[in-house]
Amino acid sequence: MASKLGRTINTSKLFPPKTLNPCHLIPSFVHKKKISINEHSPFFPESNIYTEFSRPYHSSEDAVSIHSDSTTVVEELTAIFTNQPLLRTSEELTTLGTKLNTETVESVLKGLKSWRIAYEFFSWAADQDGYRHNCYTYNAMASILSRAKQTAKLKILARDMVNSRCPMTPGALGFLIRCLGSQGLVDEANYIFDQVKMMGLCFPNSYTYNCLLEALSKSTSVDLVEKRLREMQNSGFGPDKFTLTPVLRVYCNAGKFEKVLDVFNQIRDRGWIDGHIFTILMISFSKWGEVDKAMELIERMEDLNISLNEKTLCVLIHGFVRESRVEKALHLFDKMRKLGFKPDLPLYDVLIRGLCQKKELRKALNLYMEMKDSGILPDVSIISKLISSLCGEGDLASTKILLEEGEQALDAKALILLYNTLLDGLVNHGLVDKAYLLLRVMMGAESVSEAVNDLVSIKKIVSPDCTSFSIVIDGFCNMGQLDSALRLFWDMIRMGWKGNVLLYNNLINELCNANRVDEGFELLKEMKKSGFKPTQFTHNSIFGCFCRREDVSRAIDLVREMRENGHEPWIKYYSLLVKQLCIHGKVIEASDFLNNMVQEGFLPEIIAYSIVMDGFFKIQGVDKATKLFRDICGRGYCPDVIAYNILMNGLCKARRVSEAQDVLNEMLEKGVVPSVVTYNILIDGWCKTHEIDQAILCLSKMVEKAREPTVVTYSTLIDGLCNAGRPNDALILWNEMVKKGCSPNKIAYTALIHGLIKCNKADIAVVFFHEMKEKEMKPDRFVYLALINDFVSKGNSVLALEVLKDMVTNEKFPSPLDKDYPLCISALHKLSEDVVTSSDVKNLIVQGLIPTIGNVSDMDVKSVVEPRD
DNA sequence: ATAGGGTTAG
């Protein structure tokens, strides 16, 4: 874009040439005006603000020629700066410096190929006596830097330009603004515009404003654009098409639908709609995922006889593929070809990828063939995509053809990429052994080449690279074939490949997962020897293994080594370690481990301390636990709700419920919000210490605080109420629970059934017993036994037998070693003594469901084998 | 290839 340095408005790339007359902003008199080529005055009279449009540009074809002396100077300078950097301090150059003028500088800048040299020349010129850059030389330089994307230098240049106080024509300022805008330097463009205006270096006209808006429209700064638009109107410049276009664009960028519509209507009402406007809208719609709306626009465009341009179609096709609507994309693709546009590789690429993603591989292949027929050479990336998709579908035959084509068209470096894709595809398709065979053939093992005949017909051998090995090694790892992975790894090392960090990490991690940590350690040594630095992941893999093994001393040694490397041990591993130590009663060891971590400079998270605190409580170390809690508080930890819960639970279990109540108050003071669990713990504490009223009070408090009781809350209280001899209240609570939609689980049923039995209400209990079984919850044996025993003791043999039958068909009768055994036997005795149930008991013995008991003889048993009616 | 961790009822 920035090629005329502000003298003419070159908008052809921004706006369709058909709709734009570049002169529409320029009063006609300007074209007649000429300005002397040797104009050196740094200040143009104000009346000349439009002269830049007519100033000839010496290097363009129709430009006025520079006299021959100047031409020589340009040529010499260009030659010296291009080819003879050593001559830059020579006398010759000093002489040339005296002949410098702005036109020469512009010419030289235009002729220099590299932005770096141009920049050097530009700086050199600035230092020459009697020479000053003007706005055109600055713009020439700005244009070069902008094209070279040297944004930092461009910014400095723009500031220098302002600081030099060189006057600018509105066009020149517009040009500069567009240079900045094209590099996304929106704020800078905005700033420079104001500076220039403020310093009186230029009076912006509507073109300048349009340039500024154009620059701003690359952002989403709606406010900025609106502000400038008002400013422009206040300066007497009404908006034209080139004003509204950037306004539309910024609203599009910011996703302001309403505003977009509003501006669009303004543009339409003034008859300014063109393809460019549509393109802006369509790109936005496509970005917003509104491809259908974009399609509607296309139809409207066709109605308005505005031709679709290639870019718009491309954008839409990309948009449809992005939404996985490949059919629609293909439809547009056809349209595009009918309009005579020739699709390029990127467009084929996106469609083929879209089809691959939809697993429409036949269509993808056809399109690929079409592309080749139309004379477009495929690149390695598209072949690679096809190979990996075909592999994924197990279509090895097509893969083979593509690979053969690749062999003809690609060099060895690209070809190895295809082979790696193939290896990867095989591995992903679960064919890691096949991949391994292919790899061996690549390594030169001709003896197995038969086995990969269906994959490749190797004409030229492609040696595997590090990636090839990595793919197959990782494949083995993922298939659990760790030893194959290791063997291949060492093969790779022997072949001189060093591997990479990822490969080492994967292998070490797999070894550690397989509890082969010593080998993992060996590999770590090898890794370091090869010059790779272990990462956090490497160390934590090994650390995790030590933690799982509860190997405290090696774990702490590793923590030390990790600290030296600046690697943090992962909480999931050390919390696992302390948890397991606690489970095994080694709470002191767990506590010591955390202390050691602190000594090594790592502060364990509160979670780990919570585990240890709970551990102390579980081994009746109440004082140790509470001391630990206070210690960590003193060390600056802020216990969270779970840490408090553990503390309260420990105190409650030690029957120190009022202390637990104090802890709850402490929580509230400190602003730690109690959870349902907190209240449940306290409720249970009160229940277990026979303070059922306190427990119910606690329930109402939790409801007050909008903590919904859970099935745990209800179970706890139902158990407590029954133990307090209040079965009716327990039943009321049960109904309340069900009414609230809280469905009872096995523990809740157990609590109620057992509670009712304890309250002498086995007849009610058995109703819930049946309800529970209907819900396919399996009662624990002690529930059966409690019922049987209760019925037996009350002489209700029929019900007792019914439950007994139920029990023995659902689970084994307790063994003689079981603590419940004597109880069961005594119940059986009672049932066999009762005439109503004795024969059924014998039947159960015959069926082998219950053991033979004392006074039921074998003879008796035989007598019941014959069925009686 | 990177956090799932710790607490309550029969």
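Quick note: numbers below take in every heavy atom, side chains included, and nothing from hydrogens, waters or symmetry partners. It should be emphasised that the depicted structure is a prediction, and the values quoted were computed from it without experimental measurement. Residue numbering restarts at 1 for every chain, and letters A, B, ... go by the order of the sequence lines.
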Discussion item. Under 4.0 Å, heavy atoms only, any strand: does A/Lys758 hit a base, just the sugar-phosphate, or nothing?
Written reply: nothing
Fill in: Parallel, tilted or perpendicular, as decided by the 30° and 60° cut-offs, for the rings of A/Phe768 and A/Trp734
perpendicular
Worksheet item: Which nucleotide sits closest to the side chain of A/Lys579: B/dA9, B/dG6, B/dG10?
Response: B/dG6
Item to complete: Whole angstrom is fine here: how far is it from OH in A/Tyr749 over to P in B/dA9?
Response: 21 Å
Practice prompt. Measure the distance from CD1 on A/Ile571 to P on B/dG6 and round it to the nearest whole Å.
Written response: 10 Å
Discussion item. So, under a plain 3.5 Å distance rule, would you say the side chain of A/Thr716 forms a donor-acceptor pair with the base of B/dA9?
Written reply: no
Worksheet item: How would you label the contact of A/Asn505 with the nucleic acid (heavy atoms, under 4.0 Å): base, sugar-phosphate, or nothing?
Response: base
Worksheet item: Can you check whether A/Asn649 has a side-chain N or O nearer than 4.0 Å to OP1 or OP2 of B/dT8?
Response: yes
Worksheet item: B/dG6 P sits how many Å from A/Phe617 CZ, rounded?
Response: 18 Å
Worksheet, complete the sentence: To the nearest angstrom, the CG-P distance between A/Asn513 and B/dT2 comes to 11 Å
Discussion item. With heavy-atom distances below 4.5 Å as the criterion, would you say the side chains of A/Ser468 and A/Ile416 are in contact?
Written reply: yes
Worksheet item: What nucleotide among B/dG10, B/dG6, B/dA1 has an atom nearest to a side-chain atom of A/Asp719?
Response: B/dG10
Worksheet item: Would you say A/Lys688 reaches B/dG10's phosphate, i.e. side-chain N/O to OP1/OP2 under 4.0 Å?
Response: yes
Discussion item. Determine whether the aromatic ring centres of residues A/Phe602 and A/Tyr574 are separated by less than 6.0 angstrom.
Written reply: no
Worksheet item: Which class fits the ring pair A/Phe782 and A/His754: parallel under 30°, tilted 30 to 60°, perpendicular over 60°?
Response: perpendicular
Worksheet item: With a non-hydrogen cut-off below 4.0 angstrom, is A/Lys746 in contact with a base, only sugar-phosphate, or nothing?
Response: base
Practice prompt. Determine: side-chain N/O of A/Lys778 to OP1/OP2 of B/dG10, distance under 4.0 Å, yes or no.
Written response: no
Practice prompt. Figure out the CG/P separation between A/Leu664 and B/dT7, and round it to whole Å.
Written response: 20 Å
Discussion item. Using whole Å, what does the distance between atom P of nucleotide B/dT8 and atom CG of A/Leu717 come to?
Written reply: 17 Å
Worksheet entry | Options B/dT7, B/dT2, B/dG10, nucleotide nearest the side-chain atoms of A/Phe537 | B/dT2
Practice prompt. Please confirm whether any donor atom in the side chain of A/Asn745 sits under 3.5 Å from an acceptor in the base of B/dA9, or the reverse.
Written response: yes
Worksheet item: Could you state the CD1-C1' distance from A/Ile757 to B/dG10, rounded to the nearest angstrom?
Response: 12 Å
Worksheet item: Hey, does A/Ile642 reach any base, or is it just sugar-phosphate, or nothing, if we go heavy atoms under 4.0 Å?
Response: base
Practice prompt. From the options B/dG6, B/dG4, B/dT8, select the nucleotide whose nearest atom is closest to the side chain of A/Val677.
Written response: B/dT8
Worksheet item: Does A/Lys498 make a cation-pi contact with A/Phe532 (under 6.0 Å, within 45 degrees of the axis)?
Response: yes
Worksheet item: Which part of the nucleic acid, if any, lies within contact of A/Asn540, taking any heavy atom under 4.0 Å across all strands shown: a base, the sugar-phosphate backbone alone, or nothing?
Response: nothing
Fill in: Under 4.0 angstrom between A/Lys618 side-chain N/O and B/dT7 OP1 or OP2
no
Worksheet item: Can you find a donor-acceptor N/O pair under 3.5 angstrom joining the side chain of A/Asn645 to the base of B/dG6?
Response: no
Worksheet item: Aromatic ring centroids of A/Tyr637 and A/Tyr609 under 6.0 Å?
Response: yes
Practice prompt. Please work out if A/Asn509 contacts a base, only the sugar-phosphate, or nothing of the nucleic acid, heavy-atom cut-off 4.0 Å.
Written response: nothing
Worksheet, complete the sentence: Rounded to whole Å, the CZ-P distance (A/Phe616 to B/dT7) equals 16 Å
